[in-house]
Enquirer: 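Before anything else, here's the structure in question.
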Number of protein chains: 2
Amino acid sequence: MARVTLADVARAAGVDMSTASRVLRGEATQRVREETRARILKVAGELQYLANPLARGLRTQRTDTLGIVVPQLDNPVFASAIRGAELAAARLGYSLLISHREPGETATTIAKISQTNRVDGLLVASLDDDEVLRTDLASAEVPFVLMNRILPGARLSVVLDSRAAARKAVDHLTALGHRRIVHLAGRAGGFNARERLQGYRDGLAAAKIAYDEDRVAVAGYTAEGGALAMRALLSQKPTAVLAATLVSAAGAMATLHEAGLRIPEDVSVIGLHDAPVAAMLYPPLTSVAMPTEEMGRVAATLLIRALAGETPDPVPPLPPGDLIVRRSTGPLLP
Amino acid sequence: MARVTLADVARAAGVDMSTASRVLRGEATQRVREETRARILKVAGELQYLANPLARGLRTQRTDTLGIVVPQLDNPVFASAIRGAELAAARLGYSLLISHREPGETATTIAKISQTNRVDGLLVASLDDDEVLRTDLASAEVPFVLMNRILPGARLSVVLDSRAAARKAVDHLTALGHRRIVHLAGRAGGFNARERLQGYRDGLAAAKIAYDEDRVAVAGYTAEGGALAMRALLSQKPTAVLAATLVSAAGAMATLHEAGLRIPEDVSVIGLHDAPVAAMLYPPLTSVAMPTEEMGRVAATLLIRALAGETPDPVPPLPPGDLIVRRSTGPLLP
DNA sequence: TTGAAAGCGCTACCAC
DNA sequence: GTGGTAGCGCTTTCAA
């Protein structure tokens with residue numbers, strides 16, 4: 001159990017702790033004789049020395065650890081953002097501490113992780129309202145970068161270009177000949193929901209289809225929400241539907257099946273975001289991939305640069321990935 | 001940024017650091033005058049004092065933090081085990097540090113988390129072979145509890161009763177009149193796979209159905225595996241299938257759809273484990289719920305007790321939860 | 001090129 | 001009941 005200390009190494013190598021520290025830390029100005037250096041390294045290796053991070057952190061006031069707070073773990077979007085953040089962090093010498101904030105939970109998670117777990121900075125994703133998030137963030141004791149949303153006043157955030165993604169999805173649909181396209185929107189008032197709705201309208205406009213607000217229903221980010229919203233939109237006799245997420249697309253598909261409508265013969269369905277679960281639905285869902293892993297990567301990189309004292313420029317929204325055509329979309333049949 | 005130290009509080013309250021430490025820590029033998037006590041508490045509150053966990057940990061050699069390492073995050077099984085562990089840990093005054101071990105990753109995760117992230121103990125879930133896991137664990141610098149599997153030599157582990165779960169699923173199928181039941185098995189050689197196969201055989205035996213190894217195919221834990229295994233078993237003309245997991249069930253359903261077989265009219269499908277995704281499949285999947293959250297809870301509790309110096313008895317497998325009847329299973333039609 | 005020494009902020013032991 | 005004080009293991013001046 002991490003028994004061997006720096007003092008042990010120093011003693012065994014016949015040098016002072018400070019010298020051992022210098023070489024073991026790979027200090028820039030290596031004012032150490034090569035011979036001594038080698039000896040210390042050798043001894044440290046033999047003894048399997050590992051610095052005690054607590055002692056080091058106490059002394060340096062840094063932990064080389066980033067925290068990431070997500071609203072839920074079993075969500076491909078956040079899972080892959082975590083992966084990206086972890087990779088980037090590791091590459092830059094940081095480790096990542098994952099934390100999740102349960103839906104009903106009070107605003108303590110951010111405070112807790114930034115206080116009890118000693119992180120140098122925080123990556124935060126949240127589904128909360130602006131006000132709630134702002135309050136949470138106020139208790140952050142460290143610099144942070146927001147993921148997947150913006151918040152007035154929070155300078156550093158990395159978001160996906162949901163508008164372009166929705167546009168891309170609608171383009172696919174219109175190219176297939178669809179014109180009665182309904183939209184299952186995200187959480188009312190949310191940043192991404194707004195963007196996606198705008199992209200939906202962009203796509204409609206590009207195909208010279210008039211926008212009709214009766215063809216939009218709020219589905220939120222649950223399967224039930226998607227099912228309900230789809231049910232409400234059935235009266236519009238849509239030939240295609242753009243769902244804001246995979247999950248709401250799944251809900252919508254359940255409603256369509258129940259209504260005896262065939263996918264894609266009667267109604268095409270497309271979702272935003274891609275993940276393995278898209279292929280597990282029936283029929284496999286066509287979707288626009290989103291660079292969620294890159295989002296995590298970029299966010300971590302940004303944060304680490306900010307931690308290093310730089311003042312990085314805000315990054316533009318990350319453009320959507322490929323359109324993954326599976327079997328839930330097809331040409332408009334006469 | 002956690003600027004205010006114990007010394008600040010002590011000074012402001014006009015007492016010695018050691019006294020302040022005693023009351024702030026809520027030490028058992030509170031040999032402190034009530035008046036002094038109140039004053040210290042008041043000052044600490046005003047100053048918003050928060051102990052520096054690095055300093056405390058360095059001194060006490062404990063961090064009151066548990067690590068949990070899972071093979072994947074976006075898997076409902078592990079996500080809910082994490083939730084359970086977190087709840088139990090929080091209740092017992094510990095916080096939880098989540099880490100995941102990417103599939104291809106070398107055996108460093110356990111070593112890393114137990115060394116660089118100061119944890120008092122580890123909760124570990126793994127899909128690796130015994131040998132690999134054993135090697136990994138050898139580098140653990142702290143006590144650990146295994147989740148969802150056993151490993152000869154590792155005394156503390158908490159598993160689900162997969163055998164009983166599979167039996168329960170088969171009972172449902174046989175009660176519906178099915179007799180040609182195939183099994184999509186888990187990873188060959190795996191603990192859970194073995195248990196589930198045994199439960200499958202138990203269920204068959206109870207219904208006086210002869211076991212036929214041609215009716216079992218290894219699907220592993222992916223949708224593709226499930227699809228492939230299902231395809232291989234189609235020649236058995238099954239009327240029902242027991243999939244080892246939700247994901248392999250989803251794969252199997254895709255194969256059945258492709259083959260033009262209706263679910264459940266032609267073939268009933270049941271999976272083990274329940275999660276929201278089960279309801280998103282088409283048709284919604286009948287499954288046997290498993291107490292994965294409890295698994296996390298129990299594992300964390302066990303670990304904390306072990307950390308406290310107790311030698312807790314091994315816990316028996318956790319019995320399966322309810323049979324959730326959705327629409328993928330139905331009576332055998334003539 | 002190397003060593004000595006002063007803490008980082010806290011706890012725990014011992015003295016008063 | 002309360003205060004002094006010695007470190008936990010490390011980094012980082014500053015001297016030598």
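Every chain is numbered from 1 and lettered A, B, ... according to where its sequence line falls, protein lines coming before strand lines. Note: hydrogens, waters and symmetry copies are ignored here, and every other heavy atom, side chains too, is used.
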Enquirer: Less than 4.0 angstrom from a charged side-chain N to a carboxylate O is my criterion; do B:K42 and B:E46 meet it?
Expert: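 Yes.
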Enquirer: Atom CZ of B:R56 to atom C1' of C:dG9: distance rounded to whole Å?
Expert: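 In whole Å, C:dG9 C1' lies 10 Å from B:R56 CZ.
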Enquirer: Would you mind reading off the distance between B:R59 atom CZ and D:dC8 atom C1', rounded to a whole angstrom?
Expert: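 Those two atoms, CZ and C1', are 6 Å apart.
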Enquirer: Give a yes/no answer on whether the side chain of A:S18 brings an N or O atom under 4.0 Å of OP1 or OP2 in C:dA4.
Expert: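 No, no such contact exists.
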Enquirer: Under 4.0 Å between a side-chain N or O of A:Q61 and OP1 or OP2 of C:dG9?
Expert: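 So the side-chain polar atoms of A:Q61 do come within 4.0 Å of the phosphate oxygens OP1 or OP2 of C:dG9, strictly under.
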Enquirer: Looking only at side-chain N and O atoms, does B:T36 come under 4.0 Å of OP1 or OP2 in D:dT2?
Expert: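 Yes, within the criterion.
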Enquirer: Output the rounded distance in Å from CE (A:M17) to P (D:dT12).
Expert: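 Rounding to the nearest Å, CE of A:M17 and P of D:dT12 are 12 Å apart.
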Enquirer: Given atom CG of A:L6 and atom P of D:dC10, what is their separation to the nearest angstrom?
Expert: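 It works out to 5 Å between those atoms.
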Enquirer: Within less than 4.0 Å of OP1 or OP2 of C:dT1, is there a side-chain N or O belonging to A:R33?
Expert: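 No, because none of the side-chain N or O atoms of A:R33 sits under 4.0 Å from OP1 or OP2 of C:dT1.
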Enquirer: In whole angstroms, how far is the P atom of C:dT2 from the CZ atom of A:R11?
Expert: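 Atom-to-atom, A:R11 to C:dT2, this comes out as 19 Å.
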Enquirer: Whole-Å distance between D:dG1 C1' and B:R39 CZ?
Expert: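 Computing the B:R39:CZ to D:dG1:C1' distance gives 12 Å.
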Enquirer: Looking at A:R155 and A:D313, is any side-chain nitrogen of the basic one under 4.0 Å from a carboxylate oxygen of the acidic one?
Expert: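 The answer is no: the pair does not qualify as a salt bridge.
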Enquirer: Closer than 4.0 angstrom, basic N to acidic O: yes or no for A:R134 and A:D128?
Expert: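 A:D128 and A:R134: not salt-bridged.
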Enquirer: Test for a donor-acceptor pair under 3.5 Å between the base of D:dG3 and the side chain of B:R22, counting only N and O atoms.
Expert: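 Counting by modelled atom types and ignoring angles, a donor-acceptor contact under 3.5 Å is found here.
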Enquirer: Return the value, rounded to whole Å, for the distance between atom CG of A:D8 and atom C1' of D:dC10.
Expert: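 Rounding to the nearest Å, CG of A:D8 and C1' of D:dC10 are 13 Å apart.
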Enquirer: Between D:dC10 atom C1' and A:R62 atom CZ, what is the distance in whole Å?
Expert: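 To the nearest whole Å, that distance equals 14 Å.
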Enquirer: Just wondering, do B:Y94 and B:D120 contact through their side chains at under 4.5 Å, heavy atoms?
Expert: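 A side-chain contact exists here, since the closest heavy-atom pair is under 4.5 Å.
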Enquirer: Take B:T60 and B:D16, find for each the nucleotide of DNA chain D with the closest heavy atom, and name the residue whose nucleotide sits nearer the 5' end.
Expert: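 Looking at DNA chain D, the more 5' nearest nucleotide goes with B:D16.
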Enquirer: Is B:R25 close enough to C:dA12 that one of its side-chain N or O atoms is under 4.0 Å from OP1 or OP2 there?
Expert: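 For C:dA12, OP1/OP2 do have a side-chain N/O of B:R25 under 4.0 Å.
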Enquirer: Reading DNA chain D from 5' onward, which residue's closest nucleotide shows up sooner: B:G14 or B:L58?
Expert: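 Its nearest nucleotide being more 5', the pick is B:G14.
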Enquirer: Just checking, any donor-acceptor pair under 3.5 angstrom between side chains of B:R56 and B:T60?
Expert: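 The criterion, which ignores hydrogens and geometry beyond distance, is not satisfied for B:T60 and B:R56.
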Enquirer: Among C:dC10, C:dA4, D:dG9, which nucleotide has an atom closest to any side-chain atom of B:T5?
Expert: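 Between C:dC10, C:dA4, D:dG9, the one nearest the side chain of B:T5 would be C:dC10.
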Enquirer: Base, sugar-phosphate, or nothing for A:S21, non-hydrogen atoms under 4.0 angstrom?
Expert: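 The answer is base, as A:S21 lies within the cut-off (heavy atoms under 4.0 Å) of a base atom.
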